[in-house]
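Below is one structure; the comments refer to it alone.
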Amino acid sequence: MSPLSPSTGAALVPLQASQAAVFDRIAGDPVLSASLWVNVALAGLSILLFVAMGRELETDRARAIFVATLLVPLVSIASYLGMVSGLTVGLLEMPAGHPLAGAEVLSFWGRYLTWTLSTPMILVALGLLANTDRTKLFTVVTMDIGMCVTGLAAALITSSYLLRWAFFLLSCAFFVVVLYVLLAEWPADARAAGTSEIFGTLRNLTVVLWLGYPVLWALGVEGIALLDVAVTSWGYSLLDVLAKYVFAFLLLRWVAANEGVVADAGEPFGSGAAPADD
Ligand code: RET
């Protein structure tokens with residue numbers, strides 16, 4: 001078929017049309033719209049606050065944690081503006097078997113895309129705090145990216161209900177590895193680095209909140225559709241507020257007050273070998 005054939009052209013038109021249609025739909029639903037704008041505002045405030053909190057940091061590891069932490073609201077503001085504009089939101093027709101089969105459902109797939117950038121930053125910040133080694137950091141970050149990308153696939157598949165859940169399970173398998181490293185590997189590293197207490201608090205916050213995301217996916221419009229689009233969106237937005245801004249604030253506040261402890265742990269992204277005792 002020629003690339004300029006009428007049918008190809010026809011396929012492109014709805015894609016263009018859907019952005020404006022989606023934009024109008026979101027703007028016309030104040031509850032849904034507020035769930036996005038709240039995060040644009042909070043991400044903006046967090047960026048300003050974090051820059052103020054971290055600008056005096058001087059040591060390598062503390063500054064690396066600062067940059068990773070600051071990237072979380074930076075990615076978030078882009079993510080939420082992308083969704084508000086309709087750019088990263090689609091109208092998907094759910095496959096047979098889905099409770100909303102045949103209906104056009106608003107899918108905020110931009111969330112899963114941008115988590116691919118924001119969640120590794122959260123893990124890098126936590127890993128640096130625990131003074132973990134490169135191998136564990138590499139493992140947790142790649143598994144986390146795997147989780148987000150397969151989560152994106154689960155949300156976007158419109159051909160088969162079964163395959164949506166297959167990707168959901170695959171994403172959960174990646175997630176289990178992330179949880180394993182957080183719960184079984186990093187606590188010992190943090191103990192050795194002298195950051196055990198704050199690491200424990202942030203790890204617990206992370207594990208509990210992150211578990212909420214797959215639960216919401218399963219109960220929301222992407223999964224069994226027990227919750228409607230606006231409730232699902234508010235659910236993710238509230239989880240984001242706690243898992244991103246509150247988490248990042250607590251971490252940065254501690255790092256700013258305890259820079260010496262963080263610096264004594266050694267160079268960032270070490271190999272895991274104990275520093276020479278000279
Ligand atoms: C999905 C659905 C598929 C199964 C699993 C998921 C997990 C998502 C998580 C997201 C965390 C996001 C955060 C964002 C902050 O910017 C993709 C929902 C396991 C854990 C913390």
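Ligands are counted one by one from 1 in listed order, and the atoms in each one are counted from 1 as well.
Side-chain atoms of N258 come within 3.5 Å of backbone N or O of W254 as a donor-acceptor pair. With S237 contributing its side chain and S233 its backbone, the two residues share a donor-acceptor pair below 3.5 Å. Between the R164 side chain and the A155 main chain, a donor and an acceptor come within less than 3.5 Å of each other.
Applying the 4.0 Å criterion to heavy atoms of K244 picks out, from ligand 1, the atoms 15 (C), 16 (O). The distance from ligand 1 to the heavy atoms of S118 drops below 4.0 Å at these ligand atoms: 15 (C), 16 (O).
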>> Evaluate W115 against Y236 for ring-ring contact (aromatic ring centres under 6.0 Å, His included), listing each step before the verdict.
In response: CA-CA 12 Å; W115 290 345; Y236 282 128; 5.6 Å; yes

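Under the 3.5 Å distance criterion, with hydrogens and angles disregarded, a donor-acceptor pair is assigned to the side chains of S76 and Y245.
The heavy atom nearest to atom 20 (C) of ligand 1, out of those in F247, Y245, W210, is found in W210.
At the shortest separation from atom 7 (C) of ligand 1 among protein heavy atoms lies P214 CD, 3.8 Å. For atom 8 (C) of ligand 1, the nearest protein heavy atom (residue, atom name, distance) is Y213 CB, 3.6 Å. Atom 5 (C) of ligand 1 has S171 OG, 3.3 Å as its closest protein atom, hydrogens excluded (heavy atom only). Scanning the protein heavy atoms around atom 17 (C) of ligand 1, the nearest turns out to be G151 CA, 3.8 Å. For atom 13 (C) of ligand 1, the closest non-hydrogen atom of the protein is T119 CG2, 3.4 Å.
Between F175 and W210, the ring-plane angle classifies as parallel under the 30° and 60° cut-offs.
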